[in-house]
Structure formats: structure tokens, C-alpha cells
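Whatever order the structure lists them in is the order used to number ligands and atoms, beginning at 1. Everything quoted here is computed from the prediction, not taken from an experiment.
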Amino acid sequence: SLACYLSGELDVEPGECIKVKGKIQSDAKGFAVNVGKDSNTLMLHFNPRFDCHGDVNTIVCNSKEDGMWGEEDRKADFPFQHGDKIEICISFDETEATVKLPEAEFKFPNRLGMEKIEYLAVEGDFKVKAIKFS
Ligand SMILES: CCCO[C@@H]1O[C@H](CO)[C@@H](O[C@@H]2O[C@H](CO)[C@H](O)[C@H](OCc3cn(Cc4ccccc4)nn3)[C@H]2O)[C@H](O)[C@H]1NC(C)=O
């Protein structure tokens with residue numbers, strides 16, 4: 001289920017921040033925040049999984065190029081709990097994307113060398129309360 005997306009009208013440059021504020025549903029199986037050029041060209045698919053695709057309490061990150069998923073990157077930390085109200089801050093530069101949470105930070109390589117983010121989509125068991133750009 002697509003929570004929300006902004007496409008083609010964004011122009012987020014390196015060093016700027018996308019802040020997505022919302023609530024993780026109490027029975028969440030997983031959610032995803034996707035940023036990139038469009039749905040087939042993602043700099044980052046940030047996908048915390050509580051229990052889905054055989055993953056339990058695991059953040060899966062990936063990129064997508066021409067509609068094809070890249071190599072998955074599974075993170076060691078899982079700073080999420082059902083029902084949490086969180087703010088996720090995503091920024092990037094020419095080498096990597098950074099996902100900042102109150103008590104954790106994750107890096108993911110900018111595999112596509114993307115120079116701006118034009119697309120943002122939030123999917124899954126996450127209720128978006130606010131989206132801010134700074
Ligand atoms: C073990 C052999 C098969 O490997 C599995 O292959 C699956 C299919 O490619 C991998 O799952 C996919 O991983 C992708 C990232 O690498 C994406 O997460 C794929 O999901 C895309 C997607 C988003 N949505 C919307 C959504 C998002 C979050 C919650 C609810 C709906 N629906 N489908 C998800 O289906 C899955 O991560 C992968 N598992 C492993 C361990 O490699």
C-alpha cells in the first residue's frame with residue numbers, strides 16, 4: 001500500500017535534508033522510504049522489516065536502477081519498535097546517503113551517483129504525519 005509519494009516536483013540537493021515524521025503502526029510488518037529519481041531509479045530504498053520476507057527486525061537497504069534491485073545491504077542495528085513516533089532525516093552527497101534517526105545513523109552508497117532527489121515515496125505500515133525539507 002502506498003502511503004504517499006511526491007514525484008518529479010522535488011529538487012533536493014546534496015547536503016539538504018528530507019524529514020519524514022510519522023508513526024509506525026502497532027502491528028507493522030515493515031515499511032519503506034524510497035528516494036531517488038522515480039520509482040524505477042532509487043538512490044535508496046530504506047526498508048525496516050519487523051517480520052517480512054523472512055527477515056525479523058532487520059533494516060534492508062538497496063538501490064534500484066532501470067527497475068532492477070541492486071545488492072541488498074542489511075544493517076546490524078534495528079532502532080525501531082511497533083507504535084514508535086519517529087522522524088527520519090535523509091540527506092546525501094556524491095558518495096553516500098545518510099539516514100539519521102534520534103539514536104542511530106545509517107549510511108548507504110550513492111551507487112547511481114545521483115545529484116538530486118526528485119522522488120520520495122513512503123510505503124507500508126507507517127502513517128506519515130509530516131514531511132519537511134530543510
Ligand atoms: C533468499 C532468496 C530470495 O531473496 C529475497 O528476494 C526478495 C525478492 O527480491 C527480497 O525482497 C525484496 O527486497 C527488495 C529490496 O532489495 C524490496 O524490499 C522488495 O519489496 C519491494 C516492495 C515494496 N513494497 C511496498 C511495501 C513496502 C513495505 C511494506 C509493505 C509494502 N512492496 N514491495 C522485496 O520484495 C528479499 O529481501 C530477499 N531476501 C534475502 C535474504 O536476500
Closest to atom 26 (C) of ligand 1 among Glu123, Lys29, Glu71, His53 (heavy-atom distance): Glu123

Whether Phe46 and Phe80 hold their rings parallel, tilted or perpendicular, with breakpoints at 30° and 60°: perpendicular

Atom indices of ligand 1, in the order listed, that fall short of 4.0 Å to a heavy atom of Gly30: 29 (C)

Min N/O separation Asn62 to ligand 1 under 3.5 Å: yes

His82 (side chain) donor-acceptor with Ala28 (main chain) under 3.5 angstrom: yes

Any N/O pair Asp55/ligand 1 closer than 3.5 Å: no

Asp93 side-chain N/O to Pro14 backbone N/O, donor-acceptor pair under 3.5 Å: no

Qualifying residues under side chain to side chain contact (heavy atoms under 4.5 Å, CB included), relative to Thr41, sequence neighbours excluded: Lys37, Asp38, Leu112, Met114

Proximal ligand 1 atoms for Asn47, defined as those under 4.0 Å from one of its heavy atoms: 18 (O)

Presence of salt bridge, Arg49 and Asp51, under 4.0 angstrom: no

Minimal non-hydrogen separation, Cys17 against Ser91, with atom names: CA-CB, 4.5 Å

Heavy-atom gap Arg74 to ligand 1 smaller than 4.0 Å: yes

Any Arg49 heavy atom less than 4.0 Å from ligand 1: yes

Ligand 1 N/O within reach of His45 N/O, cut-off under 3.5 Å: yes

N-O pairing of Glu96 and Lys107 below 4.0 Å: yes

Proximal ligand 1 atoms for Glu72, defined as those under 4.0 Å from one of its heavy atoms: 10 (C), 13 (O), 14 (C), 15 (C), 16 (O), 36 (C), 37 (O), 38 (C), 39 (N), 40 (C), 42 (O)

